[in-house]
Amino acid sequence: MTTPTVTTPVDTASETPTYDSLLASITDADGREILDPATGEVVGRVAFGSPEDVDRAVERVRAAQPAWAARPDSERIDLLLRAADAIEAAAESLAELLSREQGKPLNGPNARFEVGACAAWLRATAATPLPVETVVDDEETHAELHYRPVGVVGAIGPWNWPMMITIWQIAPALRMGNTVVVKPSEYTPLSVLALVEVINGVLPDDVLVAVPGEGEVGARLSSHAGVDKVMFTGSTRTGQAIIRSSADTVKRLTLELGGNDAGIVLPDVDPKAIVEGLFWGAFINTGQTCAALKRLYVHTDVYDDVCAALAEVAQAMPMGRGLDEQNVLGPLQNEAQYDIVARLVDAARESGAKILVGGNPDPEAPGYFYPATLVADVDDENPLVAEEQFGPALPIVRYTDVDDAVAMANRLDVGLGASVWSADRDAARAVAARLEAGTVWINSHGGVHPMIPFGGVKKSGYGLEFGAEGLKAVAVPQVING
Ligand code: NAD
């Protein structure tokens, strides 16, 4: 594989879709209503597919796969770069649709950021080299490791970062010569259909096909004999179902599942210096992020100061409808998630924990808004700590001995990310090495980068995404010996 040297510029100006034209191209008048979680208004209507639609989609992409794989790598690279250009040209329309459907604000690390990340990830995936590896080269043997396309990839995604996660799944798959069937979350199909529509403006027919629908559509993809690999991001429970349903066909799987990331604050920190990082580590996308900081362990020496500084930041962050430019926090995406957050905060309050800010949603207000909530003096056994809240409510647990903090961080059966916060990098790295998580950040939490491998341990899943490791994950290794 080669690094791209030439980008073919595309004249997208004349064909840039408006919000209305983009929505019209993916909407079906008889389809299921998709509601704005901030207002309850109908955003659009989507014709949900059936398992038989999956069969037809798989047939189409299977037929297109050999020709796609036969193209030189440089051509696929060029098309990914043109897809990035097309996304950028449609960025405002895509961001508006994402904001309306998912709820996330246009500004802050939200809708515009997500659309920008889609273009950036496509470009980085196009630029990632994956050279043939010569593993033995002596007088008797010459052995090389090549990476061939796996064939047809099924991409099943969640509703929290619907566009970005779709790109994470499809960009490496396409680059490696696979064709793809995408199954978006039933909560956010419009965003993904719009993204696929824009990308398909530059791709050949039948290389990338989306089938919106319920879980049964994902289940058919993950058991289908014509699908060779499933990229899945979602809950651990669904990941387990996919493992079971993929067994008969021995599919390759990448599973990015739920997390309950711990952050450990060591006693030497300056609370004011870390507090913005802590806040956004926990509250990015209003807490609906797989690798968000979901339980914070703070040394007793700095506990009160960290809590006070965090409360100040949390109170200053505007929450509201995503299309209002000043907001940086939005609603929960759906009622079920709102109920989970409300239940966990209520349970913490009833147990005697202290609500520092938030915890008081307005039952009369429209939309699934739950205020940014900080819960102090909470026991490590409390459900708000032990269960994934996936929303804007952060429990803050006090500790005195760092060994106890490490034990508490490691006690759960998930391990996506973790973080350590300290003025002493070596001390932080020593604690990081003891944490059971796929990524440990130091003095930040949750940042991902297209060249840095990302994946979980324990029940947070297996397989790596991004960079050369991500390309290998959507390929099959082949040794040429001789
Ligand atoms: P979910 O598991 O409910 O749904 C994810 C997708 O799986 C949806 O498209 C759904 O329709 C589909 N699905 C449902 N049943 C299926 C089945 N039997 N077979 C195949 N597909 C099926 O997850 P969600 O509620 O959309 O997302 C939230 C969860 O995802 C959280 O736990 C979060 O931590 C996790 N998540 C993880 C990452 C990561 O990178 N590790 C990223 C985002 C979200």
Side-chain angles (χ1 to χ4, degrees), residues 32 46 48-51 54 101-102 104 114 117 121 154-169 181-189 191-193 210-224 227 230-247 251 253-261 284-294 332-341 387-391 412-418 437-439 446-448 453-466 470 473:
R32 173 104 48 111
V46 171
F48 273 28
S50 65
V54 173
E101 179 181 60
Q102 205 284 336
K104 63 182 69 191
E114 180 168 349
W121 239 271
I156 305 174
W159 47 260
N160 57 342
W161 293 90
M163 289 188 186
M164 190 169 74
I165 288 173
T166 298
I167 289 290
W168 291 357
Q169 297 176 331
V181 177
V182 175
K183 196 308 232 181
S185 166
E186 52 274 45
Y187 291 109
T188 51
S191 303
V192 175
L193 291 177
V211 183
E214 303 272 6
E216 59 174 4
V217 168
R220 177 65 70 105
L221 259 185
S222 58
S223 61
H224 201 292
V227 175
V230 169
M231 303 283 292
F232 173 71
T233 297
S235 64
T236 297
R237 206 162 54 107
T238 306
Q240 289 164 328
I242 288 174
I243 294 169
R244 281 190 283 271
S245 63
S246 66
K251 277 188 212 341
L253 300 177
T254 294
L255 301 175
E256 297 286 3
L257 309 179
N260 195 342
D261 290 12
I284 183 167
N285 201 27
T286 315
Q288 302 161 106
T289 299
C290 52
L293 173 49
K294 292 177 180 147
L332 275 310
Q333 203 283 327
N334 54 72
E335 188 174 10
Q337 198 59 48
Y338 178 96
D339 289 346
I340 291 171
V341 173
E387 294 176 30
E388 185 188 29
Q389 71 278 56
F390 214 62
L412 301 182
D413 63 0
V414 283
L416 189 54
T439 300
V448 287
F454 176 71
V457 301
K458 302 204 266 189
K459 286 185 183 165
S460 289
Y462 48 74
L464 289 171
E465 294 187 275
F466 314 158

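Counting starts at 1 for both ligands and their atoms, in listed order. No experiment lies behind these values; they were computed from the predicted model shown.
- In this structure, G415 and S460 approach most closely via the heavy-atom pair N-OG, 2.9 Å.
- Distances shorter than 4.0 angstrom occur between a heavy atom of F454 and an atom of ligand 1.
- Using a 4.5 Å cut-off on side-chain heavy atoms (C-beta onward), D339 and E335 make contact.
- The distance from ligand 1 to the heavy atoms of L416 drops below 4.0 Å at these ligand atoms: 41 (N).
- Closest protein heavy atom to atom 34 (O) of ligand 1: E388 OE2, 2.6 Å.
- Polar contact check, W159 against ligand 1: a nitrogen or oxygen pair lies under 3.5 Å apart.
- Heavy atoms of V217 found under 4.0 angstrom from ligand 1: none, in either backbone or side chain.
- Here the shortest heavy-atom distance to atom 38 (C) of ligand 1, taken over C290, A292, A241, belongs to C290.
- Between L257 and Q240, every side-chain heavy-atom pair lies at or beyond the 4.5 Å cut-off.
- Although no hydrogens or angles enter the test, the distance criterion places a donor-acceptor pair under 3.5 Å between the side chain of Q337 and the main chain of F390.
- Heavy atoms of L221 found under 4.0 angstrom from ligand 1: none, in either backbone or side chain.
- Across the listed options G239, S235, G438, S235 owns the non-hydrogen atom lying nearest to atom 1 (P) of ligand 1.
- Not a single N or O atom of F390, backbone or side chain, sits closer than 3.5 Å to an N or O atom of ligand 1.
- Shortest contact from atom 27 (O) of ligand 1 to any protein heavy atom: P158 CB, 3.5 Å.
- Numbered from 1 in the order shown, with element, the atoms of ligand 1 that lie under 4.0 Å from a heavy atom of G259 read 34 (O).
- Numbered from 1 in the order shown, with element, the atoms of ligand 1 that lie under 4.0 Å from a heavy atom of E186 read 8 (C), 9 (O), 10 (C), 11 (O).
- Rounding to the nearest 0.5 Å gives a distance of 10.5 Å between CG of L416 and CG of N260.
- Considering only non-hydrogen atoms, atom 9 (O) of ligand 1 lies nearest to G157 out of G218, G234, G157, A155.
- Residues T238 and F232 have side chains in contact (heavy-atom distance under 4.5 Å, counting atoms from C-beta outward).
- In summary, the atoms of ligand 1 found under 4.0 Å from a heavy atom of K183, numbered by their order in the structure, are 8 (C), 9 (O), 10 (C), 11 (O).
- Of all atoms in ligand 1, numbered sequentially from 1 with element shown, those under 4.0 Å from a heavy atom of T238 are 1 (P), 2 (O), 3 (O), 7 (O), 13 (N), 14 (C), 15 (N), 16 (C), 17 (C), 21 (N), 22 (C).
- K251 and V227 make their closest contact through NZ-O, 3.0 Å (heavy atoms, listed as atom of the first residue, atom of the second, distance).
- The protein non-hydrogen atom at the shortest distance from atom 12 (C) of ligand 1 is I156 CG2, 3.8 Å.
- No N or O atom of E214 sits closer than 3.5 Å to an N or O atom of ligand 1.
- When only non-hydrogen protein atoms are considered, atom 44 (C) of ligand 1 lies nearest to N160 ND2, 3.4 Å.
- Between the E114 side chain and the M164 main chain, a donor and an acceptor come within less than 3.5 Å of each other.
- Set against the non-hydrogen atoms of P184, the atoms of ligand 1 under 4.0 Å away are 9 (O).
- Closest approach of D261 to C290, counting heavy atoms only: OD1-O, 4.3 Å.
- Scanning both residues, G213 and F48, for their nearest heavy atoms gives CA-CD2, 3.7 Å.
- Between F232 and ligand 1 there is a heavy-atom distance shorter than 4.0 Å.
- The CD1 atom of I165 sits 4.5 Å away from atom CG of N160, with the distance rounded to the nearest 0.5 Å.
- Counting all heavy atoms, side chain and backbone alike, Q102 lies closest to P162 at CG-CD, 4.1 Å.
- Ligand 1 lies out of reach of G456, whose nearest heavy atom is not under 4.0 Å from it.
- Not a single heavy atom of T236 lies less than 4.0 angstrom from ligand 1.
- Contacts between I165 and ligand 1 below 4.0 angstrom, taking non-hydrogen atoms only, involve the side chain exclusively.
- Taking every non-hydrogen atom of L257 and a distance limit under 4.0 Å, the qualifying atoms of ligand 1 come out as 37 (C), 38 (C), 39 (C), 41 (N).
- Summarising the geometry of Q288 relative to Q333, their closest heavy-atom pair is OE1-N, 2.8 Å, with the distance given to 0.1 Å.
- Between W168 and W121, the ring planes lie tilted relative to each other; the angle falls in the 30° to 60° range.
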